[in-house]
Amino acid sequence: MTVLVFLDPMFPEGRIADAAVPQLRATDLGATRGDGIFESMLAVDGAPRKMTAHLDRMESSALALDLELPARETWERAVATALAELTIREGTGEAVVKLLLTRGVEGADAPTAWVAASPAPAGARERTARGLDVLLLDRGYDSTVAERAPWLLLGAKTLSYAVNMAALRYAKANGADDVIFTSSDGKVLEGPTSSVILAVQEDGQKMLLTPELESGILPGTTQRALFDAAEAAGWARGYGPLEPAHLMEADAVWLVSSIRLLAPVTSIDGTPISSSPALTEELTELLRAAL
Ligand SMILES: Cc1ncc(COP(=O)(O)O)c(C=O)c1O
């Protein structure tokens, strides 16, 4: 059951639409060219998590694509409408809330914007908590291309996710669960739908590491929230460049994202790596408390 709420100037709180019947024009550039942006966020018992961080990132994605973004309050009201309606239909619990914006119908000069809220998939987090077998896959760009070639939109959350989905299918067809992309110059980047975080100990100091944003990755809102919470709890934080050897030698590696939170990686390219249920629990608790 998905609740759709379109952003519509005639409806200040958003216009609820039936998800079971067609709602988009077939000439919408989001559908014909993947020309648009989105956000996926978690809501718990009707309350969105990290909404400000998601709206901030949507603003930078819109800037990168030169898209006109409706005002924040309009998104906030549409999200509230969608979550209230979802609660009526499905009761409380965890929900996935997507914010979507396309360049609009071909020839028209107005973006299409809507919110889609649905119950979080049951058991998905428990399944990934058991550990992920991950493949390292070459994304084919070097780690400095993002700045040189902004038209690649590497740090934006665009609707063109077919490549990311193809990478996940490739992993599944080859007996793995997920993917960590590497750059053509051998740096660790991100997962198709997640950020990469690893834990190390240096002279007794616990430290979290993640690839540097300049390498053309999406700035993860979960990674950021986790780093802030961990730092407040005495962890040190650091940023790449990271190479596959760092993953193999870390105390633990996770793929993190808004819906799945921390998913521990247990093998890379078929080689088991160190993992730590205790660290996963500690950091998940820190993250939950921060959210
Ligand atoms: C490519 C990519 N990197 C990282 C993330 C993690 O972002 P967040 O923690 O904000 O969900 C996502 C989330 O979908 C993603 O698609």
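Both counts, for ligands and for their atoms, begin at 1 and track the order of listing. The figures that follow rest on heavy atoms only: side chains count, while hydrogens, waters and symmetry mates do not. As the structure is a computational prediction, the values presented were derived from the model and not from experiment.
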Can you tell me which residue and heavy atom of the protein come closest to [atom], and the distance to 0.1 Å?
| atom | value |
| --- | --- |
| atom 10 (O) of ligand 1 | T221 OG1, 2.6 Å |
| atom 7 (O) of ligand 1 | R57 NH1, 3.4 Å |
| atom 3 (N) of ligand 1 | E190 OE1, 3.0 Å |

Going by the order shown, which atoms of ligand 1 are within less than 4.0 Å of some heavy atom of [X]?
| X | result |
| --- | --- |
| Y161 | 1 (C), 2 (C), 15 (C), 16 (O) |
| S194 | 2 (C), 3 (N), 4 (C), 5 (C), 6 (C), 12 (C), 15 (C) |
| P192 | 1 (C), 16 (O) |
| S258 | 8 (P), 9 (O), 10 (O), 11 (O) |

Problem - Axial cation check for F227 ring with R237, 6.0 Å and 45° limits - result: no
Completion exercise
Filtering L189, L154, T193 for the heavy atom nearest atom 15 (C) of ligand 1 leaves T193
Does a side-chain N-to-carboxylate-O contact under 4.0 Å join [X] and [Y]?
| X | Y | result |
| --- | --- | --- |
| E39 | K157 | no |
| R33 | D28 | no |
| E282 | K206 | yes |
| E212 | K187 | no |

Practice task
Please state which part of K157 comes within less than 4.0 Å of ligand 1, counting heavy atoms only: side chain, backbone, both or neither.
Solution key: side chain
Looking only at N/O atoms, are [X] and ligand 1 under 3.5 Å apart anywhere?
| X | result |
| --- | --- |
| S195 | no |
| N164 | no |
| K50 | no |

Counting N and O atoms only, with roles assigned by atom type, does the side chain of [X] sit under 3.5 Å from a partner on the main chain of [Y], one being a donor and the other an acceptor?
| X | Y | value |
| --- | --- | --- |
| E190 | F181 | no |
| T222 | S258 | yes |
| D185 | S143 | yes |

Practice task
Could you establish whether P219 and ligand 1 come within less than 4.0 Å of each other, counting only heavy atoms on the residue side?
Solution key: no
